[in-house]
Amino acid sequence: MKKLGLLLAVLLVIGVAAGLARLQINADVFSLLPADSTTVDGLHLYQKSFGSSQAIIISVRAADDLTTTQATQTLAQKLQDADLANQVIWRSPFQNNPQAMAEFLAYLWFNQPPADFQAMSLRFDEGGLQQSLNNTIERMSISYNPQEIARLAHDPFSLTTIGNAIPTSVIDVGKNPFASDDGQLRILYVPFPGDKPGFWQYNRWLENIHNLVSDWQQSDDAARQLTVRVTGNPVFVTEFGSRMMRDMLFAAVGTLCAIALLFWWAHRRWIPLLSLVSLLMVTVVVTMALGGFLFGTLNAISL
């Protein structure tokens with residue numbers, strides 16, 4: 001009989017441990033909305049497939065443009081060196097990347113109307129190739145626009161002139177879409193480097209990022225003058241999940257203390273009180289483990 005009781009206790013411990021290991025905290029706001037709503041499904045699908053649900057945005061603000069630029073570049077390099085990001089985007093992806101620019105231009109030309117695409121292809125015919133070069137040389141010799149001369153020197157066949165199909169801010173590498181007009185505020189786009197995003201993974205990742213930024217600002221006088229802020233869906237998930245865990249802990253501990261005080265006020269005996277508190281704690285743990293087995297993921301409502 002004792003062996004059977006010991007075996008059951010061991011199986012219970014193993015089952016509780018397995019259930020708690022499977023338990024995940026879901027802090028996604030869409031999981032709190034009705035599951036049978038097509039609108040909620042559409043929004044959730046859009047955020048998962050097209051949104052930036054697994055990336056954060058870090059803003060860096062300083063008193064002048066040069067300081068902000070240098071600080072942003074330094075922070076991006078530190079994040080990559082610490083393996084906290086596989087890629088940090090803090091300026092136009094086309095800047096210092098001719099291959100990416102060439103692929104983007106090829107994509108735009110391929111999607112032009114057939115007549116425009118045919119006119120572009122004629123520039124590379126055997127008869128039109130030399131004529132296009134002669135026209136470019138003539139245009140450079142008579143142009144008074146330095147920007148046009150510089151463009152034709154690198155683009156003699158005018159492949160970057162696609163009318164209104166491509167915004168000027170995209171091909172103008174001197175402009176940074178990740179910076180304010182005065183250059184005092186810049187942002188970094190930092191995707192989550194892991195394969196399995198979730199509350200606990202986001203929590204460790206953001207904690208490491210905050211520690212890195214804090215250590216950097218404490219060790220560098222120039223960085224100490226910066227204003228660094230972090231936002232994004234992982235930040236929301238972490239804050240929401242942390243508050244949910246805090247509320248759960250407060251409710252559980254508050255209820256346990258209230259029951260213990262009422263029991264002590266009525267009976268004034270320690271051993272039954274300790275037994276009652278122990279059983280209540282075991283009940284909470286076993287219930288959470290059972291929730292891990294049944295649901296796998298708990299949100300604020302199911303919890």
Side-chain angles (χ1 to χ4, degrees), residues 50-109 111 145-155 158-194 197 202 205-206 208-217 219-235:
F50 301 97
S52 305
S53 58
Q54 299 181 13
I56 62 173
I57 295 177
I58 303 177
S59 65
V60 179
R61 181 183 293 275
D64 58 273
D65 182 11
L66 180 60
T67 303
T68 311
T69 303
Q70 294 175 348
T72 303
Q73 186 175 7
T74 301
L75 180 57
Q77 189 62 43
K78 284 182 176 294
L79 291 172
Q80 290 181 325
D81 293 341
D83 294 330
L84 295 177
N86 297 328
Q87 181 186 18
V88 179
I89 303 177
W90 61 278
R91 58 185 175 183
S92 174
F94 303 116
Q95 190 171 355
N96 299 328
N97 192 349
Q99 182 178 358
M101 187 64 181
E103 293 178 356
F104 183 63
L105 287 174
Y107 167 80
L108 290 176
W109 274 112
N111 288 275
N145 188 343
Q147 184 177 2
E148 183 183 16
I149 296 175
R151 180 183 62 79
L152 292 176
H154 293 84
D155 181 24
S158 299
L159 294 178
T160 57
T161 56
I162 316 181
N164 296 326
I166 176 171
T168 306
S169 59
V170 174
I171 61 175
D172 188 0
V173 297
K175 294 183 179 180
N176 188 355
F178 294 84
S180 59
D181 293 337
D182 57 6
Q184 297 181 4
L185 175 67
R186 293 179 181 267
I187 62 174
L188 300 89
Y189 182 83
V190 187
F192 177 68
Y202 285 154
W205 180 48
L206 292 174
N208 292 331
I209 290 178
H210 286 305
N211 292 336
L212 183 144
V213 173
S214 178
D215 295 341
W216 172 48
Q217 290 187 305
S219 61
D220 193 322
D221 293 336
R224 195 175 293 113
Q225 308 300 323
L226 301 173
T227 302
V228 182
R229 297 289 185 267
V230 182
T231 187
N233 186 66
V235 179

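Keep in mind it's a predicted model, so treat the numbers as computed, not measured. Hydrogens, waters and symmetry mates play no part in the numbers below; they use all other heavy atoms, side chains included.
Side-chain contact check for P234 versus W205: some heavy-atom pair is nearer than 4.5 Å. Between T74 and D220, the closest side-chain pair of non-hydrogen atoms is not below 4.5 Å.
Using a distance-only test at 3.5 Å, with no hydrogens or angles considered, no donor-acceptor pair links the side chain of S214 to the main chain of H210. Not a single donor-acceptor pair under 3.5 Å links the side chain of Q80 to the backbone N or O of A85. Counting only distance, with no hydrogens or angles, the side chain of Q217 and the backbone of A223 share a donor-acceptor pair below 3.5 Å.
Rounded to the nearest 0.5 Å, atoms CZ (F192) and CG (L206) are 9.0 Å apart. To the nearest 0.5 Å, atom CD1 of residue I89 and atom CD1 of residue I187 are 10.5 Å apart.
Taking both residues in full, the closest heavy atoms of P191 and A55 are given as CA-CB, 3.7 Å, listed atom of the first, atom of the second, then distance. Nearest heavy atom pair, residue Q184 against residue A63, reads NE2-O, 3.2 Å. Nearest heavy atoms, W216 versus A71: CH2-O, 3.6 Å. When all heavy atoms of D83 and P193 are compared, the closest pair comes out as O-CG, 4.4 Å.
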Practice problem: Determine, stepwise, if the pair L212 / L75 fulfils side-chain contact (heavy atoms from CB on, under 4.5 Å). | Solution: CA-CA 9 Å; L212 183 144; L75 180 57; 4.0 Å; yes
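Applying side-chain contact (heavy atoms from CB on, under 4.5 Å) to I56 and the options V190, N233, L188 leaves one that passes, V190. Just one of N208, V213, N86, L84 meets the side-chain contact (heavy atoms from CB on, under 4.5 Å) condition when paired with L79; it is L84.
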Could you list the donor-acceptor pairs under 3.5 angstrom formed by side chains in residues 225-232, with sequence neighbours left out?
none

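Residues that satisfy the side chain to side chain donor-acceptor pair (under 3.5 Å) test with T69, not counting sequence neighbours, are D65, R186.
Ring centroids of Y189 and F178 are separated by 6.0 Å or more, keeping the two rings apart.
Taking 4.0 Å as the cut-off between side-chain N and carboxylate O, D221 and R224 count as a salt-bridged pair.
Enclosure of atom CG in D181 is not indicated, since only 12 or fewer non-hydrogen atoms of other residues, nucleotides or ligands lie within 6.0 angstrom.
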